[in-house]
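Below is one structure, written out as structure tokens; the observations come after it.
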Amino acid sequence: QVQLVESGGGLVQAGGSLRLSCAASERTLSSYFMGWFRQAPGKEREFVAAITRNGVTTYYADSVKGRFTVSRENAKNTLLLQMNSLKPEDTAVYYCNAAGVRVGRPISLYWGQGTQVTVSS
């Protein structure tokens, strides 16, 4: 069982930056396909970014492409999300997710508790 804890959220002005971290409770982070999701009030949870187990390949939602960068440091059991040029529409609770892969697609296994990101205009 893996516990995931997000941190780094906060209140920033539009155009600012934040760096989110997701710390895993065990030294097995490399076993999982990792991703970030977010959910704004009244909205469905949506995909933000993901990274393969070895960190070679990354994926981004079109809405954040070019502004956000996902990375992982498996030796430190940490997943990161660097968020630049933040917009008010980025306001949401951001969740870290660990997934296995079945038939070529990720299957969600664990979720963090979420960290709030608020971008003011």
Side-chain angles (χ1 to χ4, degrees):
Q1 185 176 11
V2 176
Q3 294 181 19
L4 304 173
V5 180
E6 302 94 334
S7 62
L11 174 63
V12 298
Q13 294 185 26
S17 298
L18 282 175
R19 189 187 194 189
L20 304 185
S21 296
C22 172
S25 61
E26 301 178 354
R27 56 190 294 273
T28 56
L29 188 67
S30 63
S31 298
Y32 305 99
F33 187 98
M34 301 296 298
W36 289 97
F37 292 75
R38 66 187 183 187
Q39 187 168 22
K43 301 282 188 67
E44 295 293 317
R45 187 170 298 187
E46 65 175 348
F47 168 77
V48 175
I51 188 167
T52 53
R53 285 169 286 187
N54 60 8
V56 171
T57 306
T58 56
Y59 306 87
Y60 298 95
D62 288 341
S63 59
V64 307
K65 192 174 299 181
R67 299 187 298 119
F68 291 10
T69 302
V70 63
S71 61
R72 64 192 301 163
E73 297 181 349
N74 290 340
K76 299 180 180 179
N77 299 314
T78 301
L79 174 73
L80 303 172
L81 183 67
Q82 179 66 46
M83 305 186 296
N84 298 324
S85 301
L86 284 163
K87 305 174 180 179
E89 49 263 46
D90 294 319
T91 295
V93 176
Y94 284 70
Y95 297 90
C96 177
N97 177 259
V101 179
R102 299 290 185 275
V103 198
R105 68 178 188 273
I107 304 298
S108 179
L109 296 175
Y110 306 102
W111 289 97
Q113 85 291 343
T115 186
Q116 177 71 48
V117 171
T118 303
V119 184
S120 64
S121 59

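Computed over heavy atoms, backbone and side chain alike; hydrogens, waters and symmetry mates excluded.
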Problem - Short side-chain to backbone donor-acceptor contact, Arg67 and Ser85, under 3.5 Å - result: yes
Problem - hydrophobic_cluster_shared for Val48 and Leu109, side chain cutoff 4.5 Å - result: yes
Practice task
Before accepting this row, confirm whether a basic side-chain N of the pair Asp90/Lys87 lies closer than 4.0 Å to the acidic partner's carboxylate O.
Solution key: no
Practice task
First locate atom CG of Leu20, then atom CZ of Arg38, and finally report the distance between them rounded to the nearest 0.5 Å.
Solution key: 11.0 Å
Handout entry: Shared hydrophobic cluster for Leu86 and Val93 (ILVMFWY, side-chain gaps under 4.5 Å)
Key = no
Can you list, pair by pair, the side-chain donor-acceptor contacts under 3.5 Å of residues 5-13, counting residues two or more places apart and other chains?
{"unit_1": "Glu6", "atom_1": "OE1", "unit_2": "Gln113", "atom_2": "N", "d": "3.0"}
{"unit_1": "Glu6", "atom_1": "OE1", "unit_2": "Gln113", "atom_2": "NE2", "d": "3.4"}
{"unit_1": "Glu6", "atom_1": "OE1", "unit_2": "Gly114", "atom_2": "N", "d": "2.9"}
{"unit_1": "Glu6", "atom_1": "OE2", "unit_2": "Cys96", "atom_2": "N", "d": "2.7"}
{"unit_1": "Glu6", "atom_1": "OE2", "unit_2": "Gly114", "atom_2": "N", "d": "3.3"}

Handout entry: OG1 on Thr115 to CG on Leu18, rounded to 0.5 Å
Key = 8.5 Å
Practice task
Enter the distance from Leu81:CG to Met34:CE here, rounded to the nearest 0.5 Å.
Solution key: 11.5 Å
Exercise for the section: Would you give the length of the straight line joining atom CZ of Phe47 to atom CH2 of Trp36, rounded to the nearest 0.5 angstrom? Expected result: 12.5 Å
Practice task
To the nearest 0.5 Å, tell me how far Thr69 OG1 sits from Asn84 CG.
Solution key: 6.5 Å
Problem - Main-chain N/O of Phe33 paired with Arg72 side-chain donor or acceptor, under 3.5 Å - result: no
Handout entry: N/O donor-acceptor pair under 3.5 Å between Thr58 side chain and Ile51 backbone
Key = no
Practice task
Search all heavy atoms of Ala92 against all heavy atoms of Ala40 and return the closest pair with its distance.
Solution key: CB-N, 3.8 Å
Practice task
Following the transitive rule for hydrophobic clusters with a side-chain heavy-atom cut-off under 4.5 Å over Ile, Leu, Val, Met, Phe, Trp and Tyr, establish whether Val70 and Leu80 coincide in one cluster.
Solution key: no
Practice task
To the nearest 0.5 Å, tell me how far Gln82 CD sits from Ser21 OG.
Solution key: 9.5 Å
Problem - With Tyr94, the side chain to side chain contact (heavy atoms under 4.5 Å, CB included) member among Gln39, Gln116, Met83 - result: Met83
Practice task
Decide whether Leu4 and Val117 are clustered together by the hydrophobic rule: side chain heavy atoms of Ile, Leu, Val, Met, Phe, Trp, Tyr closer than 4.5 Å, transitively.
Solution key: yes
Exercise for the section: State plainly whether one hydrophobic cluster holds both Val2 and Leu79, where clusters connect Ile, Leu, Val, Met, Phe, Trp and Tyr through side-chain heavy atoms under 4.5 angstrom apart. Expected result: yes
Exercise for the section: Check the angle between the aromatic planes of Tyr95 and Trp111 and answer parallel, tilted or perpendicular using the 30° and 60° thresholds. Expected result: perpendicular
Practice task
Please report the C-alpha distance between Tyr110 and Tyr32 in whole Å, then the side-chain angles of each, then the deciding distance to 0.1 Å, and finally whether the side chain to side chain contact (heavy atoms under 4.5 Å, CB included) criterion is met.
Solution key: CA-CA 10 Å; Tyr110 306 102; Tyr32 305 99; 3.8 Å; yes
